[in-house]
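The block underneath contains the structure these notes are about, expressed in structure tokens.
FYI, the numbering just counts along the sequence from 1.
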Amino acid sequence: MVTVISLGGSIVAPGSVDTDFLKGFASLIRSFIQADGRQFIFVVGGGGPARSWQNAYREVSGAAVDNDEADWIGIMATRLNAQLVKAVFSDCCKQDVVTDPTQAQPLTGSVLVAAGWKPGFSTDFDAVLLAEKFGADSVINLSNIEKVYTADPAKDKNAKPIDKISWADFRVMVGDEWVPGKNSPFDPVASRHAEKIGLKVICAAGKNLENLKNLLSGKDFIGTSIGCD
């Protein structure tokens with residue numbers, strides 16, 4: 001079984017590249033590859049570079065902002081980050097970075113790396129499509145948040161962390177519309193398709209590598225499971 005991880009750009013490159021995280025993450029993933037021959041698909045987000053360049057475009061263009069153009073800027077950032085992750089796993093990843101999940105070929109190594117595809121959604125949706133294509137029953141969504149909350153805890157002191165939530169309830173929270181650069185625990189477009197195909201998504205803090213180890217080992221972990229009725 002292939003493990004699909006939506007690797008948030010916010011942990012790969014929150015501003016500049018977090019090399020300490022990448023070193024630790026690569027070491028952890030290699031330990032699972034060596035222990036049981038596990039295969040991984042990483043779908044890498046745009047992070048700080050995507051937001052910076054999109055904000056620059058918005059500032060220059062003002063009211064003339066085109067969402068597709070903003071999306072393409074973010075997509076290019078995901079491809080830069082993904083190329084870096086592929087290079088880090090160069091001994092395990094022999095295939096080019098996937099930029100169209102519908103055309104992904106069977107894994108020839110232990111790791112496959114993917115990036116943004118086209119406007120209209122985030123890399124979360126690409127991860128869902130790849131999970132569907134490769135027969136995974138879940139996507140691990142790693143970002144800079146430990147759990148999904150009932151509201152933005154930075155804005156609402158009464159926001160509560162959630163351990164498990166159904167797709168129906170989660171989608172009420174995030175809505176159905178995608179806006180380039182949208183800050184959501186999981187992309188609304190991806191959520192709609194994940195619900196349709198019965199896919200579970202686990203949201204967890206990517207930089208807590210001990211927690212990720214527990215998650216990958218089937219042990220108790222800190223995070224939110226979406227798609228649990």
Side-chain angles (χ1 to χ4, degrees), residues 4-22 25 41-88 96-102 113-130 139-146 148-149 151-156 170-171 173-194 201 203-207 226:
V4 180
I5 296 180
S6 183
L7 189 58
S10 60
I11 54 175
V12 174
S16 58
V17 176
D18 189 336
T19 53
D20 287 339
F21 164 73
L22 283 177
F25 179 75
I41 297 175
F42 305 130
V43 188
V44 189
R51 288 188 294 275
S52 294
W53 264 246
Q54 286 172 333
N55 287 340
Y57 167 56
R58 293 186 179 102
E59 184 176 338
V60 171
S61 299
V65 168
D66 180 285
N67 277 344
D68 279 1
E69 293 290 357
D71 252 342
W72 275 119
I73 292 169
I75 288 166
M76 293 306 169
T78 74
R79 294 180 180 182
L80 177 61
N81 289 340
Q83 197 66 43
L84 171 61
V85 173
K86 178 190 180 300
V88 169
D96 292 338
V97 171
V98 173
T99 56
D100 179 347
T102 68
V113 180
W117 177 19
K118 61 183 181 180
F121 42 79
S122 77
T123 47
D124 289 342
F125 184 58
D126 301 322
V128 170
L129 292 180
L130 287 165
V139 167
I140 298 173
N141 183 51
L142 299 180
S143 69
N144 58 358
I145 62 169
E146 188 174 75
V148 174
Y149 279 72
D152 185 344
K155 300 177 180 178
D156 185 349
F170 180 78
R171 289 185 57 208
M173 291 171 54
V174 300
D176 290 320
E177 299 298 323
W178 165 252
V179 178
K182 182 181 178 73
N183 188 15
S184 173
F186 203 68
D187 171 357
V189 178
S191 298
R192 184 165 62 243
H193 194 66
V201 169
C203 294
K207 291 190 178 183
I226 310 173

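- Across all non-hydrogen atoms, the minimal contact from Phe21 to Gly206 is CE1-O, 3.4 Å.
- Within the 4.5 Å cutoff, no side-chain heavy atoms of Pro119 are placed close to those of Asn67.
- Taking the side-chain hydrogen bond (donor to acceptor under 3.5 Å, both in side chains) definition, one finds that Arg192 meets it with nothing, sequence neighbours left out.
- Residues Gly175 and Pro188 come closest through the heavy atom pair O-CB, 3.3 Å.
- One finds the CD1 atom of Ile140 at 12.5 Å from the OG atom of Ser143 (value rounded to the nearest 0.5 Å).
- Note that CZ of Phe42 and CG of Asn81 are 14.5 Å apart. Values are rounded to the nearest 0.5 Å.
- Under the side-chain hydrogen bond (donor to acceptor under 3.5 Å, both in side chains) criterion, Thr123 pairs with no residue at all, not counting sequence neighbours.
- Of all heavy-atom pairs spanning Ala13 and Pro49, the tightest one is O-CD, 3.4 Å.
- Partners of Ala115 according to the side chain to side chain contact (heavy atoms under 4.5 Å, CB included) rule, which considers only residues two or more places apart in sequence or in another chain, are Thr78, Arg79, Ala82, Val97.
- Other residues, nucleotides and ligands place more than 12 heavy atoms under 6.0 Å from the CH2 atom of Trp72.
- Every residue meeting the side chain to side chain contact (heavy atoms under 4.5 Å, CB included) condition with Ala151, not counting sequence neighbours, appears here in chain and number order: Asp156, Ala159.
- Within the 3.5 Å criterion, the main-chain N or O of Ala205 finds no donor-acceptor partner in the side chain of Glu146.
- Taking the side-chain hydrogen bond (donor to acceptor under 3.5 Å, both in side chains) definition, one finds that Thr102 meets it with Asp100, sequence neighbours left out.
- Between Pro14 and Lys207, the closest side-chain pair of non-hydrogen atoms falls below 4.5 Å.
- Here the side chains of Phe25 and Leu142 are in contact, with some heavy-atom distance below 4.5 Å.
- Between the side chain of Asp187 and the backbone N or O of Ser122, at least one donor-acceptor pair lies under 3.5 Å.
- Taking NZ from Lys118 and CG from Asp68, the interatomic distance works out to 11.0 Å, rounded to the nearest 0.5 Å.
- To the nearest 0.5 Å, atoms CD (Glu69) and CD1 (Ile73) are separated by 7.0 Å.
- Taking all atoms of both residues into account, the shortest heavy-atom contact from Ala70 to Tyr57 is N-CE2, 3.9 Å.
- Phe121 contributes atom CZ, which lies 7.0 Å from atom CD1 of Ile75 (distance to the nearest 0.5 angstrom).
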Item to complete: Mind running side-chain contact (heavy atoms from CB on, under 4.5 Å) on Val43 and Val139 for me, showing each step along the way?
Response: CA-CA 10 Å; Val43 188; Val139 167; over 6 Å; no
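- More than 12 heavy atoms of other shown residues, nucleotides or ligands fall within 6.0 angstrom of atom CG in Asn55.
- Judged by distance alone, with hydrogens and angles left aside, the side-chain atoms of Asn141 form a donor-acceptor pair with the main-chain N or O of Pro185 at under 3.5 Å.
- Annotation: ring-ring contact (aromatic ring centres under 6.0 Å, His included) contacts of Tyr149 (sequence neighbours excluded): none.
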